[in-house]
Amino acid sequence: MIDNISGLIIPEHVGIIMDGNGRWAKKRALPRSVGHKFGAQNFRKITRYISKTGVKVLTLYAFSTENWKRPIEEVTALMGLFKQNLIDLLTDFRDDDIKVVFIGDRSAFSPKLIELINESEEVAKNRKGMLLNIAMNYGSRDEILRSVKTIAADVRNNKIDPEDITLNDIESHLYTAGLPDPDLIIRTGGEFRLSNFLLYQSAYSEFYSTETLWPDFNEKEFDKAIIEYNQRNRRFGGV
Ligand code: FPP
């Protein structure tokens, strides 16, 4: 409920590590893929809520560069869910004016999924509401490596002197170029780790972990994270 958080400081950029779909299914003696199905439904519902709270940028971690290591049946089920949900969100997010961008290396996906990813971005490109970054085949170490390679090529081509490389050069080649750093990173499912998510960008992010499993992470749970965020004293290395 928006009322719970009215008057509070709303973070400009929120990142969410959507963990716990597998355990949610296991608790109900269901296959892991069913957990992902409910997780995907929740992704669409909670994104629409968050867009109404005043958050400007939401980055959701949907599939990491390491998730290919999962059993083939699970990866296949996830790819099917991505396709289905992207088709649905082509219309779903229109009313909320949500702009969708995908971060990560999309070239590894099937031609059909790549087409849907491109189409989802295209139909939403002029929207003015919240920016939703969906991280798919995303890994922060890979992202940093790409930035370093681009800068190294610029050095080789005499476009830049190594002495003149700045943090801004590194940042301008990350997927999140031009966006504010995340103020708050939420992880569901009870673990306290970043799992290769926004490593560079989260230098001063506030971290919030909840035991709640992703399919159960609802509006009230998001409000709790915002209430706790408002109790943090952010110093950015100062006093
Ligand atoms: C982690 O739970 C979850 C994932 C690897 C998949 C997340 C994907 C979705 C919620 C679907 C989103 C859909 C779109 C279109 C973006 P886990 O399997 O690691 O759970 P566990 O830790 O309980 O095993």
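For the single chain, residues carry numbers from 1 onward in sequence order. Ligands are counted one by one from 1 in listed order, and the atoms in each one are counted from 1 as well.
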Decide yes or no on salt bridge (Lys or Arg N to Asp or Glu O under 4.0 Å) for R106 and E121, but give the supporting numbers first.
CA-CA 13 Å; R106 67 186 68 179; E121 287 181 335; 2.8 Å; yes
Enumerate the atoms of ligand 1 whose separation from the nearest heavy atom of F43 is less than 4.0 angstrom.
13 (C), 14 (C), 15 (C), 16 (C)
I'd like to check which ligand 1 atoms, numbered from 1 as shown, lie under 4.0 Å from a non-hydrogen atom of N67.
5 (C)
Atoms of ligand 1, numbered as shown, that sit under 4.0 Å from any heavy atom of F82:
13 (C), 14 (C), 15 (C)
Per-atom contacts, ligand 1 versus M18 - under 4.0 Å to a heavy atom
1 (C), 2 (O), 3 (C), 10 (C)
Need the ligand 1 atom indices (1-based, order shown) with element for anything under 4.0 Å from a heavy-atom of G39.
10 (C)
Which ligand 1 atoms, with their elements, are less than 4.0 angstrom from a heavy-atom of I134?
16 (C)
Element-labelled atoms of ligand 1 that are located less than 4.0 Å from some non-hydrogen atom of R23
21 (P), 22 (O), 23 (O)
Using a strict 4.0 Å threshold on nitrogen-to-oxygen distance, state whether R187 and E191 make a salt bridge.
no
Under 3.5 Å, side-chain donor or acceptor atoms of residues 148-158 against the rest of the protein: list the pairs with distances, not counting sequence neighbours.
residue : atom : partner : partner atom : Å
T150    : OG1  : R146    : O            : 2.8
N157    : ND2  : A153    : O            : 3.1

Non-hydrogen atoms of L81 versus ligand 1: any pair closer than 4.0 Å?
no
Answer yes if the side chains of Y200 and E143 hold a donor-acceptor pair under 3.5 Å, and no otherwise.
no
May I ask you to say whether K224 pairs ionically with E221, meaning some side-chain N is under 4.0 Å from a carboxylate O?
yes
Given that the side chain starts at C-beta and the backbone is N, CA, C, O, which of these parts of K83 lies under 4.0 Å from ligand 1, counting heavy atoms, or is it both or neither?
neither
Look only at the side chain of N42 and the backbone of F217, and say whether a donor-acceptor pair between them is shorter than 3.5 Å.
yes
Could you tell me whether R32 approaches ligand 1 through its side chain, its backbone, both or neither, with non-hydrogen atoms closer than 4.0 Å?
side chain
Verdict with reasoning, R32 to E74, per salt bridge (Lys or Arg N to Asp or Glu O under 4.0 Å):
CA-CA 7 Å; R32 291 176 59 82; E74 185 169 342; 2.8 Å; yes
Proximity to ligand 1 by part of N42, non-hydrogen separation under 4.0 Å:
neither
Apply the test salt bridge (Lys or Arg N to Asp or Glu O under 4.0 Å) to residues R234 and D183: give CA-CA distance (whole Å), side-chain angles for both, the deciding distance (0.1 Å), then the verdict.
CA-CA 9 Å; R234 301 188 76 194; D183 302 291; 3.1 Å; yes
State the CZ-OH distance between F102 and Y175, to the nearest 0.5 angstrom.
13.5 Å
What protein heavy atom sits nearest atom 7 (C) of ligand 1, and how far off is it?
A62 O, 3.4 Å
With only distance considered, is N21 within less than 3.5 Å of ligand 1 through an N or O on each side?
yes
If I apply the N/O under 3.5 Å rule, does D19 come out as touching ligand 1?
yes
Could you tell me whether some N/O pair between W214 and ligand 1 is separated by less than 3.5 angstrom?
no
Within the 3.5 Å criterion, strictly below it, is a donor on D3 or S6 matched to an acceptor on the partner's side chain?
no
Top protein contact for atom 4 (C) of ligand 1, by heavy-atom distance
H36 CE1, 3.8 Å
Of all the non-hydrogen atoms in the protein, which one sits nearest to atom 15 (C) of ligand 1, and at what distance?
N85 CB, 3.6 Å
Got the closest protein heavy atom to atom 19 (O) of ligand 1, with its distance?
R70 NH2, 2.8 Å
Sequence neighbours excluded, which residues qualify as side chain to side chain donor-acceptor pair (under 3.5 Å) partners of W214?
none
Is it the case that R70 places NZ or CZ above or below the six-membered ring of W68, under 6.0 angstrom from the centre and within 45 degrees of the axis?
no
Do any nitrogen or oxygen atoms of G22 come within less than 3.5 Å of a nitrogen or oxygen of ligand 1?
yes
Is there a polar contact, in the sense of an N or O pair closer than 3.5 Å, between G20 and ligand 1?
yes
